[in-house]
There are 2 protein chains.
Amino acid sequence: MTGKPIPTLALVDDHTLFRKGMINLISMVNANYNILFEADNGEDLQKKISKDNQPDILLMDINMPHMDGFATVEWLREHYPLVNVLVVSMIQKEEAIVKMLKLGVKGYVCKDIEPRELGEALHSIANKGFYYTDFITGKLVHSLQLGESANGASSMLPVMNDREKDFLKLACTEFTYNEIAAKMFVSPKTVDGYRNSLFEKLNVKSRVGLALYAVKHGFVQL
Amino acid sequence: MTGKPIPTLALVDDHTLFRKGMINLISMVNANYNILFEADNGEDLQKKISKDNQPDILLMDINMPHMDGFATVEWLREHYPLVNVLVVSMIQKEEAIVKMLKLGVKGYVCKDIEPRELGEALHSIANKGFYYTDFITGKLVHSLQLGESANGASSMLPVMNDREKDFLKLACTEFTYNEIAAKMFVSPKTVDGYRNSLFEKLNVKSRVGLALYAVKHGFVQL
DNA sequence: CTGCCATACAGGATTTTTCCGGTATTTGCC
DNA sequence: GGCAAATACCGGAAAAATCCTGTATGGCAG
């Protein structure tokens with residue numbers, strides 16, 4: 001673990017030829033990357049990845065036999081959350097893109113990507129932690145807009161009463177629950193109730209979850 | 001506590017005439033607000049505000065004798081963090097605006113505000129929780145840009161090593177520290193060290209503080 | 001009037017978080 | 001080689017957060 005050495009990569013794709021092609025592309029990029037390993041699919045990846053063999057960036061296809069890209073990202077998120085996934089797929093369907101984004105992938109590019117853009121994507125992920133093109137952002141925004149208006153059910157905010165909203169704001173501070181109770185002029189046991197009620201309503205299970213929810217939904221400004 | 005009744009207001013300004021003028025303006029707005037009380041300055045406010053006498057929105061000047069707007073907002077933030085402050089001041093200096101914004105005020109308008117805009121501001125704060133005009137946003141962005149480049153010292157990010165950055169990302173999840181340790185392949189006591197080190201470097205004192213810092217500085221995406 | 005539901009609050013137990021004061025290992029550098 | 005700084009780690013204890021079950025109150029619809 002010597003500081004910030006050469007970023008490491010791994011490739012997951014069921015087509016050997018395509019993997020070799022990608023490796024060739026990567027070698028054309030004027031930057032240094034160490035390729036740790038290649039895998040045929042998610043199952044194969046599970047065998048090859050380990051504590052001492054984690055890539056910084058994982059280039060992965062979606063359509064794969066046995067264990068596809070979605071299942072693989074979910075598994076990685078649980079077991080190797082520090083691995084940055086760059087999806088490399090022919091699939092351009094908004095549904096797939098948005099699904100992957102929700103699963104936390106750090107980039108999504110088309111398989112016919114040009115060397116220059118691949119270099120940019122890898123560099124961006126290695127340094128800023130993500131690479132989202134305007135195309136991807138566009139899909140995401142579009143999907144959000146759909147969710148907000150037409151759909152209706154999906155983005156409906158849970159019903160919170162005023163006191164719960166007040167509590168939510170104060171939960172996004174470094175006050176302890178006892179201090180929050182004092183500022184809300186209620187018993188600590190009552191804020192205990194607000195918290196548990198919000199855990200359920202907002203589908204989170206910790207104060208960090210509450211804070212993140214509040215920020216995401218604009219209850220507090222950063 | 002009957003649902004969402006008429007929003008309550010309070011005014012803090014040392015000029016009686018101006019307060020009366022504002023009240024008149026507010027009455028012209030086609031919306032209902034209850035005015036709880038008026039105060040001459042921060043000190044006077046401290047006497048008049050109480051658990052059972054907190055306004056939803058507090059309209060406040062900056063230049064006031066005895067206790068000015070800045071001190072007052074700081075005090076409110078500590079003792080009545082749920083009160084939304086709308087600054088109403090002649091002061092248009094970027095420095096003052098940015099300072100107030102940093103103190104968490106929910107809006108900043110000029111004293112020569114028109115009835116229509118005042119109505120919009122109050123409505124926006126009562127519902128969305130804030131009212132920032134483009135003018136204010138502009139000042140803020142400008143100040144941020146200054147901070148980023150010229151100033152240098154002010155916005156310099158603390159030096160975090162790679163493992164600390166990794167930890168910071170995982171701290172923004174609902175994993176416990178034990179789970180985080182497992183995912184980072186280190187001992188729980190080590191993440192204990194990362195945490196304490198970041199508390200100091202980032203000037204926070206709880207996990208919520210860490211998460212909020214991380215979001216604000218783009219270490220995690222929402 | 002009465003039972004239901006939402007809200008405010010308690011006691012008590014358990015887990016997590018936070019804090020403190022140390023130790024071993026590694027790494028760069030004089 | 002040896003020293004300072006950074007990193008990984010430990011035991012123990014105090015504080016905070018989380019969870020569960022249960023009570024009192026008040027509004028309100030049947």
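Chain letters run A, B, ... following the sequence lines, proteins first, then strands; residues in each count from 1.
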Any side-chain heavy-atom pair of B:I23 and B:L11 under 4.5 Å = yes

Checking the side chain of [X] only, and the main-chain atoms of [Y] only, is there a donor and an acceptor separated by less than 3.5 Å?
{"X": "B:D44", "Y": "B:K47", "value": "no"}
{"X": "B:N53", "Y": "B:K48", "value": "yes"}
{"X": "A:E78", "Y": "A:W75", "value": "no"}
{"X": "B:T8", "Y": "B:D56", "value": "yes"}
{"X": "A:S124", "Y": "A:A121", "value": "no"}

What is the distance from [atom1] of [X] to [atom2] of [N], rounded to the nearest Å?
{"X": "B:R207", "N": "C:dT18", "atom1": "CZ", "atom2": "C1'", "answer": "12 Å"}
{"X": "A:L210", "N": "D:dT18", "atom1": "CG", "atom2": "C1'", "answer": "12 Å"}
{"X": "B:E164", "N": "D:dT7", "atom1": "CD", "atom2": "P", "answer": "6 Å"}
{"X": "B:Y177", "N": "C:dC19", "atom1": "OH", "atom2": "P", "answer": "9 Å"}
{"X": "B:M184", "N": "D:dC9", "atom1": "CE", "atom2": "C1'", "answer": "14 Å"}
{"X": "A:N196", "N": "D:dG22", "atom1": "CG", "atom2": "P", "answer": "16 Å"}
{"X": "B:F175", "N": "C:dT15", "atom1": "CZ", "atom2": "P", "answer": "20 Å"}
{"X": "A:K205", "N": "C:dT16", "atom1": "NZ", "atom2": "P", "answer": "12 Å"}

Using a cutoff of under 3.5 Å, can you pull out all pairs of nitrogen or oxygen atoms linking the protein to nucleotides 12-15 of chain D, with atom names and distances?
| residue | atom | partner | partner atom | Å |
| --- | --- | --- | --- | --- |
| D:dG12 | O6 | B:K189 | NZ | 2.7 |

Reckon [X] touches a base, only the sugar-phosphate, or nothing at all at heavy-atom distances under 4.0 Å?
{"X": "B:R195", "result": "base"}
{"X": "A:Y194", "result": "sugar-phosphate"}
{"X": "A:S206", "result": "sugar-phosphate"}

Parallel, tilted or perpendicular: ring planes of A:H217 versus A:F219, cut at 30 and 60 degrees = tilted

Paired stems touching DNA chain C, three or more consecutive Watson-Crick or G-U pairs with both distances under 3.5 Å?
->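 Consecutive-pair runs (3 or more) involving DNA chain C: C:1-30 with D:1-30.
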
Sequence neighbours excluded - salt bridge (charged side-chain N to carboxylate O under 4.0 Å, His left out) pairs with any residue from residues 195-215 of chain A | A:E164-A:K201, A:D192-A:R195, A:K205-B:E174

Is atom NE2 of B:H79 surrounded by more than 12 heavy atoms (other residues, nucleotides or ligands) closer than 6.0 Å?
->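 Yes, enclosed.
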
N/O (side chain, B:S187) to phosphate O (OP1/OP2, D:dC10) under 4.0 Å =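 Checking D:dC10 against B:S187, a side-chain N or O does come within under 4.0 Å of OP1 or OP2.
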
